[in-house]
Amino acid sequence: MGATIRPYSPAESLHSDRSAGDRARHREKIREALRENIADVIAEQAIIGRSGDTIIKIPIRGIKEYRFVYGDNTPGVGEGDGDTQEGDVLARGNKPGQGQQGVGGNLPGQDYYETDVSLEEVIELMFEDLELPDLEQKALRQVLAQRTTRRRGYKHVGVRVHMDKVRTAKSRIRRKLAREHARRAESEPPPPPSGNDNRLEERFPYHREDLRFRRRIPDEALESNAVVFCLMDTSGSMDTMKKYLARSFFFLLYHFVRSRYDQVDVVFVAHDTTAREVSEEEFFAKGESGGTMISSGYQKLLEIIEERYHPSLWNVYAFHCSDGDNFPQDNETAIRLARELCQVCNLFGFGEIKPDGASDWGSGSLLSEFEAIEEPNFRALGINGRDEIWPCFKEFLSREEA
Amino acid sequence: MARSWSVSDLETWDAAIREVVAGMNLDCYPQEFEVCDHEQMLGLMAYSGMPSHYPHWSFGKSFEQQKTFYDYGVSGLPYEMVINSNPCLGYLMRDNSLLLQVLTIAHVYGHNDFFKNNFTFGFTQAARVIEQFKAHANRIRGYTEDPSIGRTAVERVLDAAHALAFQCERNPGIRKLSREEQVEEAIRRSRPKLDAFQSIHRRPGVQTPDLQRQPLEPEEDLLGLVRDHNPRLHDWERDILDIVRQRMRYFLPQIETKIMNEGWACYTHRYIMNRIDLPQDMRMEFLVRHNQVVRPIQGQINPYHLGLAIWDDIARRDGADEEVHLLPPTEAMFQSREVDRDVSFLRRFLTPELMRKLDLFEYKTGRGGDVVVSKVSDEDSWRQVKETLIRNTGMNSVPVIKVVDTDYRSNRHLLMRHYFDGRELQLEYAERTLRYVYDLWQRPVHLETRLDGTGRLLGFDGDSFSVRTAMD
C-alpha cells in the first residue's frame with residue numbers, strides 16, 4: 001500500500017495560525033523587557049533627533065530560557081577543510097557555530113533580538129504613566145484632547161454596520177399596515193391566497209426606504225490650552241556632551257507633548273547672553289557660542305508669555321536646561337526672574353547638566369543658588385549622565401509628585 | 001502559485017520509491033504525507049512538528065526566530081519535517097520543486113524505518129503520540145482557562161518545568177529500581193564483603209544504611225522527583241510537570257540519535273534516488289541538493305555529513321567492490337541502527353582513519369575569546385578529539401545533575417549534586433535555574449558543583465542566591 005498524501009488545503013492554512021497566541025505572549029514579554037530597559041534605549045544615541053515614524057532597531061536581550069548548561073570554557077569539535085593545524089585560530093573574540101543545533105543544544109549563545117519598533121511605539125511605552133502635571137481649566141478651552149463620535153438620531157442612508165435592525169423592521173411593519181389600511185379604504189379586496197396553502201401570507205419584502213441607520217456625530221472633548229517652553233543654554237561652555245544631554249531631554253519632552261496632546265504649543269528658545277525664539281530644527285541642531293546670561297532667557301520667556309500666552313488663558317510649562325555656568329553677576333537677576341516665571345507657570349523645571357568628569361572650574365552651580373526659590377511649582381534637578389535623563393524626565397512629569 | 005507537480009505525480013513517485021524501500025529491506029510504519037505552505041511549516045517547526053501542542057510563549061519565541069532567519073535569508077526552511085508516530089507523518093512544502101518532494105519522500109522513509117527499529121524509540125509509544133500531545137494540550141488549556149488557576153500560574157509552572165526538563169532519565173533502556181529493590185541493594189552493599197581470611201582480619205565495622213533517606217539513590221529525573229516528593233504541589237501542578245516530562249521523554253531519542261538518524265535517512269535517500277529512474281534534469285538537481293545537505297560545515301559538525309560518512313564506512317567494510325551509493329544497507333548496518341545511539345555509534349564506528357579524512361579537530365576558547373584549534377586527529381590526539389566529540393553529543397552536552405537528598409539539613413531543603421566531569425556550569429544560568437527549582441520545590445535548594453577548581457555549594461532560599469565553599 002502506498003503512502004497517503006493529503007493535498008494542501010488553503011482553508012486549513014487560514015485558521016492554522018496556532019502560534020498566534022504564543023507569539024503574542026512572547027511579544028508581551030519583550031515589551032515588558034523593553035520597558036525595563038527603556039533608560040538604556042534612551043541612552044543609546046540612536047533615537048535622538050529622528051522623526052516619529054522612523055523605525056528604529058532596538059537590540060534587546062532576548063527572553064532567555066534558563067537551564068543548567070556548561071560554561072563557554074568547554075571544548076568542542078568541528079570539521080575542518082582538510083589541513084587544519086593545531087593552533088589555527090578559528091574565530092577572534094566570539095565563538096564559531098555552536099556545534100549541533102539539536103534540541104539538546106549546546107551553550108545557548110547570548111541571543112540578541114533586534115526588534116523593529118517605531119519611535120512612536122517606544123515613546124508610547126515610555127510615556128504611558130506621564131502627563132503634564134497640574135493642568136488647570138483656563139477660560140478658553142481649546143485643546144482637543146480626544147476625538148470620538150457619539151450617536152445622535154437616525155438617517156436613511158449609511159453603512160451596513162450602523163444599521164438599526166429593530167427600527168428598520170418597525171418601519172417595514174409600519175409601511176405594511178399603512179398599505180393594508182389604504183386598501184381597505186379603497187375597499188379593494190385582499191389579493192387571493194396564492195397556491196394551495198391559505199396560511200401563506202403575501203410576501204412583503206423590505207424596501208430601501210425601510211432602512212434606518214444610526215447617525216453618529218463627532219464628539220470632541222476639550223482640554224485647556226497649554227504651551228511648553230523649551231529653553232536651552234547654547235553658550236560656549238555647553239560642550240558636545242552637555243548639548244547632547246540637553247537635546248536628549250528636550251527631544252523626549254517634545255515627543256511626549258506631541259504624542260499625548262494634540263494641540264499643545266511648543267516654543268523653542270535658545271540663549272547665550274541674549275535669547276531668541278528659534279525653530280525646531282534650529283533648536284535641535286544649533287551650534288554654540290558666547291557667554292551665559294540665563295536671565296536673558298527668562299526675560300525672553302516672560303516677554304513671550306506676556307505677548308501670546310497669557311496665564312489666565314494658558315497653562316504654561318517651562319523647562320530650562322543649562323550647565324549652570326552663569327555669569328555670577330547675573331545670578332541675582334536670574335533668580336528674581338525665575339521667581340516671576342513661577343508665578344505665571346504651572347511648572348517651571350530647571351535641569352542642570354553636569355556630565356561626570358566635566359570640569360567645575362570657575363563655574364558656579366545654579367542648583368545651589370536656586371535653592372532659594374521656594375515656589376512649589378519649581379523643580380530643579382541635576383543631570384549627570386545619559387542614564388539620568390530618563391529618571392529626571394520622569395521626575396519632572398510624574399503624576400504622583402504633581 | 002504555479003506548481004510543477006500534482007498530488008498524482010507524488011503518488012506515482014511514491015510507488016516507485018516504495019518498491020525500492022521494500023527491496024532494501026526497510027521496515028517502516030505506514031506513511032502519511034501532508035502538503036503545507038511555508039507559514040504552516042514555520043508553525044510546525046516551532047512546535048517540533050506536532051500537529052497539536054500545548055501553548056507556551058517559548059514556542060512563540062522560536063517561531064519568531066525561525067521566521068526572522070527565514071525572512072532575512074539566513075536559513076532556508078528544511079525540506080523535511082517528519083514525526084515519530086505510527087503512522088509516520090511527514091510534511092511536504094507546497095512551493096518546493098518536484099525533485100525536492102521526491103527527495104524528501106525518500107528521506108522520510110529512512111527516518112520512518114529508523115523510528116520503528118531503533119531501540120531508543122521503543123519507549124515513545126509512537127502509535128499514541130499524536131493523541132497524547134493533543135490530550136496534553138487540552139489539559140493545559142483547561143488549566144489556563146480555569147478561573148482558580150489562570151494563565152500566569154500555569155506559565156510559572158511551565159517556565160520552571162521547561163528549565164528542568166533536560167534533567168531527565170537519560171537512558172530509558174536502564175530499568176529504574178523500585179523502592180524495595182533499592183532498599184535491598186543498599187542493605188547488600190552495607191554488608192561486609194566475603195573475606196577468605198576473615199579469621200585473621202579485623203572485622204570491618206558495619207555501617208547501617210539510612211533507609212529513610214529520599215531518594216535512596218541519587219535521582220536524575222528532577223521533575224518526577226519534585227512531582228512525587230513535594231507535598232505542597234496541587235494536582236494540576238503535578239500534572240503539568242508530568243506533561244513536560246513526557247514530552248521530554250518523547251523527544252529524547254531524537255536528541256540521542258541525531259547523527260545516526262540523519263545519516264541513515266541520507267544513506268536511504270541516496271540509495272533510493274540512484275535506483276529510481278530519474279529524468280536527466282531531475283538527476284542534476286538531485287546531485288546539487290544532496291550535496292548541499294551532506295556537505296561538511298567548517299568549524300561545526302553537520303550531523304547529516306558525519307552520520308552519512310560513518311554509515312558509508314560501515315558499508316564499505318563488508319560491502320563488495322560496488323560503489324557505496326549503490327549498496328543497500330548491509331547486515332551490520334541494520335544491526336547498528338537497531339542497538340546503537342549516537343554515543344555508542346561514534347564509539348564503535350568512528351575510526352581514526354575516518355576522523356583524519358573528515359579532518360575533525362578540537363577547539364577551545366582562549367583567554368582573549370579567540371577560538372583556537374587545540375587538537376587535531378593525528379596519531380597522538382585523535383582519542384581526545386573523539387572523546388570531546390562524544391562528550392558534546394546528545395544528552396552528554398547537558399550537565400548531569402542528580403538529587404541526593406530531599407530532606408537536607410533535616411529541613412526539607414533540596415540537595416542536588418552536579419557530577420563534575422571537567423566542565424563547569426555557567427554560573428548565571430545555574431543561578432536562574434536554581435530559582436526555577438525553588439519555584440517548584442518551594443523550599444530552599446542547594447547545588448553542589450565545582451567552580452574555578454574548588455567545590456562550591458550554590459544555594460537559593462527564596463530571597464537570595466549564595467555561593468559557598470563546599471564543606472567536603
Side-chain angles (χ1 to χ4, degrees), chain A residues 1-8 12-13 16-19 21-29 62-100 102-107 111 113, chain B residues 7 10-11 14-15 18 31-35 37 40 43 46 55-61 63-64 94 162-163 166 251 255 258 296 298-301 303 358-365 369-374 376 385 388-389 392 394-395 397-399 401 423-426 429-430 432-433:
Chain A
M1 195 197 77
T4 320
I5 298 177
R6 281 190 287 276
Y8 175 69
E12 195 121 305
S13 83
S16 73
D17 189 12
R18 61 204 177 117
S19 61
D22 288 340
R23 266 158 41 211
R25 176 70 189 124
H26 178 233
R27 287 288 294 181
E28 219 173 276
K29 283 185 87 85
I63 314 293
K64 283 187 194 160
E65 293 163 78
Y66 292 100
R67 53 176 196 257
F68 291 118
V69 292
Y70 289 124
D72 40 297
N73 54 353
T74 54
V77 171
E79 288 176 64
D81 52 4
D83 50 20
T84 310
Q85 298 298 321
E86 226 166 279
D88 285 1
V89 178
L90 297 173
R92 297 223 175 259
N94 50 3
K95 299 202 75 173
Q98 297 284 350
Q100 304 165 290
V103 200
N106 234 326
L107 206 141
D111 40 22
Y113 286 88
Chain B
V7 172
L10 296 186
E11 277 162 357
D14 177 61
R18 289 191 76 94
Q31 180 65 51
E32 287 179 5
F33 288 102
E34 220 168 286
V35 182
D37 61 23
Q40 283 173 312
H56 185 251
W57 60 265
S58 61
F59 305 120
K61 171 183 164 181
F63 182 93
E64 299 276 15
R94 183 181 57 149
H162 280 192
F166 284 98
F251 285 118
I255 299 169
K258 180 86 179 158
Q298 260 205 50
Q300 301 182 20
I301 295 293
L358 298 172
D359 193 20
L360 294 184
F361 61 83
E362 181 200 80
Y363 60 80
K364 274 183 180 152
T365 310
D370 289 359
V371 184
V372 181
V373 175
S374 48
V376 292
V385 176
T388 308
L389 174 62
N392 283 306
M395 288 300 284
S397 60
V398 178
I401 289 170
R423 293 179 286 181
E424 288 180 359
L425 295 182
Q426 214 271 0
Y429 274 69
R432 301 302 292 260
T433 315

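All chains are named by letter (A, B, ...) in the order of the sequence lines, taking the proteins before the strands, and each is independently numbered beginning at 1. Because the structure is a prediction, the values reported are computed rather than measured. Below, all heavy atoms of this structure are taken into account, side chains as well, without hydrogens, waters or symmetry copies.
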Can you find a heavy atom in the side chain of A:V77 that is under 4.5 Å from one in the side chain of B:I301?
->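 The answer is yes, as the side chains (C-beta and beyond) meet within the 4.5 Å cut-off.
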Compare all side-chain heavy atoms of B:H56 with those of A:R25 and state whether any distance is below 4.5 angstrom.
->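 Of all side-chain heavy-atom pairs linking A:R25 with B:H56, none is under 4.5 Å.
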Ignoring hydrogens, what is the shortest heavy-atom contact between [X] and [Y]? Give both atom names and the distance.
X	Y	answer
A:A3	B:R18	N-NH1, 3.7 Å
A:G76	B:N392	CA-ND2, 3.5 Å
B:K364	A:P75	CG-CB, 3.7 Å
B:P399	A:F68	CD-O, 3.3 Å
B:Y429	A:E65	CE2-O, 3.9 Å

Region of B:I401 that comes under 4.5 Å of a non-hydrogen atom in chain A |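 Only the side chain of B:I401 comes within 4.5 Å of chain A.
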Contacting moiety of B:T388, where chain A heavy atoms sit under 4.5 Å =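 Both parts, heavy atoms under 4.5 Å.
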Got a salt bridge between A:R27 and B:E64, using NZ or NE/NH1/NH2 to carboxylate O under 4.0 Å?
-> no
Partners passing salt bridge (charged side-chain N to carboxylate O under 4.0 Å, His left out) against B:E32 (at least two apart in sequence or in another chain) |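 B:E32 satisfies salt bridge (charged side-chain N to carboxylate O under 4.0 Å, His left out) with A:R6 only.
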Let me check something: any side-chain donor-acceptor pairs from residues 79-90 of chain A under 3.5 Å, sequence neighbours excluded? List them with distances.
from: A:E79; atom 1: OE1; to: B:H305; atom 2: ND1; distance (Å): 2.5
from: A:E79; atom 1: OE2; to: B:N302; atom 2: N; distance (Å): 3.4
from: A:E79; atom 1: OE2; to: B:H305; atom 2: ND1; distance (Å): 3.4
from: A:D81; atom 1: OD1; to: A:D83; atom 2: N; distance (Å): 3.4
from: A:T84; atom 1: OG1; to: B:D359; atom 2: OD2; distance (Å): 2.5
from: A:D88; atom 1: OD2; to: A:Q85; atom 2: N; distance (Å): 3.0

